[in-house]
There are 4 protein chains.
Amino acid sequence: MKTKELILETAKELISEVGYHKTTTASLAKRANISEGTIYRHFESKEDVLVHILKDLDARYARFVEGLLGQGPICLVDEMLRQHLAFVEENSLAIKIMLVTYKLIDSAREVMESVVARLSNFFSVCLAKENDNHRLQDISVQDAAHILLIFLFALTRAKLYWPDLGDLTEPAILFCRRGLLRE
Amino acid sequence: MKTKELILETAKELISEVGYHKTTTASLAKRANISEGTIYRHFESKEDVLVHILKDLDARYARFVEGLLGQGPICLVDEMLRQHLAFVEENSLAIKIMLVTYKLIDSAREVMESVVARLSNFFSVCLAKENDNHRLQDISVQDAAHILLIFLFALTRAKLYWPDLGDLTEPAILFCRRGLLRE
Amino acid sequence: MKTKELILETAKELISEVGYHKTTTASLAKRANISEGTIYRHFESKEDVLVHILKDLDARYARFVEGLLGQGPICLVDEMLRQHLAFVEENSLAIKIMLVTYKLIDSAREVMESVVARLSNFFSVCLAKENDNHRLQDISVQDAAHILLIFLFALTRAKLYWPDLGDLTEPAILFCRRGLLRE
Amino acid sequence: MKTKELILETAKELISEVGYHKTTTASLAKRANISEGTIYRHFESKEDVLVHILKDLDARYARFVEGLLGQGPICLVDEMLRQHLAFVEENSLAIKIMLVTYKLIDSAREVMESVVARLSNFFSVCLAKENDNHRLQDISVQDAAHILLIFLFALTRAKLYWPDLGDLTEPAILFCRRGLLRE
DNA sequence: TATGAATGAGTTTTCATTCAT
DNA sequence: GATGAATGAAAACTCATTCAT
């Protein structure tokens, strides 16, 4: 693994464990078995490390959504949620970081907004299709997209932060179908 | 206003605006028009200020839930969500603080867990009643409670952090009723 | 007890227990059940409290020496040491304070010097008498006085700080007599 | 000189001059011509600097005693005192610090106790030999060891803090021999 | 590229002292 | 005389960043 990647991976672990402010450049260097100075050979600042982690997440998510949309016309609520939660699982560390930093650090907020915009747009597209098929309950596509959006974040947080609640995926999918779609 | 309350109110503003770590005792003192030393006459440490804010929120929430449960046998999903969101509005600053600190500061996590336990218990009680009346869809009371729990937090976050999404209260209530209850 | 005395007595306890720097005006006020401001009604500063304690000790010691010298021509080494150690016991707190502060606080050093001068002079007078009676070993009166002086301080410290060593009074007196006097 | 040693040497000077509490990290850094932060690269805390000074003294003293005991069976009171006072002269700063801090700072007390234990044990061994040769006056070995112990500390303090008294080494040795040993 | 010692501005915290009541 | 809240200067300590090697 290249040094730069090593720093990023280590930072992901550390920040998701203890938070951005409690992750010091000293602790990061120690955990990665490099010197503090080396961090600054690869990144402009501590915040820059964070930005790289989040920008990378944003890019992965962009590819993920592209992949989903390219799969064809099928775009069911079930599938959408299931796949998203799989994405969450694969990118849990970076997502954890995004969710706790976007209110605290400006550069993180921008990335969060980009992800949210992409996600929101994706849901709108999918739900518009369902609406065309008259499968949507009487709710505006936009409201439905927003509700789906925040509900997905809720599930994400449940998965990442409250694993004690158990795996809510299946009942949640059922709940969403009933809540949004006609039989 | 007593100095102690002044400090707490100012801290609520400041922390909810810029976060706990960026709120320094110096900035807090300046905003409250007191000296830094005065903070330490009333609180043991900076973290103690945070704990007071959150413990106070926990107490308010306990009273709120007690009030709801005391209102009588009526305990509909509609009402539950509406009242909770009103509570959120009235305590928006402290709730914002709780939501961004509970993953970062141990003492905040404890308060969060207390609030969640109370809320979860409340939802279980309410949904058990709906279940007795055979109004609950085929979903376990516990799963339903958990889903309601995380969805309420999602709505709270939407209200506090993403006001651009507009007021989702009514569509969200409809969504929940459809998702959880029979006609 | 007058407030001023109460403060002095409490300060003696506290300073001899934890030292001058760790004795804060807040802890002193709390232990004495008065307010911090009250200390400043009776003393100019925290150091002034210390000075009063030590000046008082100095005065007591002056009276003590006067008493000894007034007792008549008898002035044996035995008696001198025994009486001094009794004085130490009666004024243990203030002496403890003097012994740990005289190197650290200027005003304390002055008092210590006064006590030492008085003590040294007293020993010189006594030993000069012994010398006139040809009871002193071949050692100058001054050297003998100095040795007695530092040995007395050593015994004092042993009594106050190393009680585990047991009561060394009697063997110490024997040691001194053998060391300084002819049979 | 390495920075760590520079800090230790400077701290020795400063603390022995003005005391531990009046030695601030700022004054230490200034005197050593380094920044305050540098102190904390080499030591965990201000107290840790003190502990290093005292632990180092303890180690030196251990080596010194080992050296003395290894010199062979000769172990006369004269020699013992003379050598110890030479040790005091060579380590005057650290010893000064130990003598004024051991009542005030817990970690210093521990080191003092270690030194005292070593010293006490050493004196017991030596005096037991003198006793075997029937050279000891009628005094228990333990009492004699304790008296020698406190008398040595008295001489140490005289040397370090009351140089005005002149060099008492020779009369003090004579005094001890007469006080403890038979002709 | 990598190091790691050094920096210094910034942070929390302490505490003797003051002063309006 | 007594109070105790408020002060502010100074203390210990932290940490992102730099730079000579």
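- Proximity of a side-chain donor or acceptor of C:Thr101 to a complementary backbone N or O of C:Leu104 within less than 3.5 Å is not detected.
- Proximity of C:Tyr20 to C:Glu47: side-chain heavy atoms (C-beta onward) are separated by under 4.5 Å at one or more points.
- Applying a 4.0 Å cut-off to non-hydrogen atoms, the residues of residues 35-49 of chain B that approach DNA chain F are B:Ser35, B:Gly37, B:Thr38, B:Arg41, B:His42, listed by residue number.
- With the 3.5 Å cutoff on both pairing distances, Watson-Crick and G-U pairs in DNA chain F assemble into runs of at least 3 at E:2-21 with F:2-21.
- The gap from the P atom of E:dT1 to that of F:dT21 amounts to 22 Å, rounded to the nearest Å.
- Listed by residue number, the members of residues 2-13 of chain D with any heavy atom below 4.0 angstrom from DNA chain F form an empty set.
- Looking at A:Tyr161 and B:Lys103, their side chains come closer than 4.5 Å, going by heavy atoms from C-beta outward.
- Counting only N and O atoms by type, the side chains of B:Ser27 and B:Arg31 include no donor and acceptor under 3.5 Å apart.
- Considering only heavy atoms from C-beta on, A:Val111 stays 4.5 Å or farther from A:Val51 through its side chain.
- Of the residues in residues 17-32 of chain B, not one places a heavy atom less than 4.0 Å from an atom of DNA chain F.
- Annotation: side chain of D:Leu8 is not in contact with side chain of D:Asp56 (no heavy-atom distance under 4.5 Å).
- By the 4.5 Å heavy-atom criterion applied to side chains, C:His42 and C:His52 are not counted as neighbours.
- Using a 4.0 Å cut-off between a side-chain N of Lys or Arg and a carboxylate O of Asp or Glu, B:Arg63 and B:Glu90 do not qualify as a salt bridge.
- The salt bridge (charged side-chain N to carboxylate O under 4.0 Å, His left out) search around C:Glu9 returns C:Lys12, not counting sequence neighbours.
- Taking 4.0 Å as the cutoff to heavy atoms of chain B, we find the contact window on DNA chain F bounded by F:dA5 to F:dG8.
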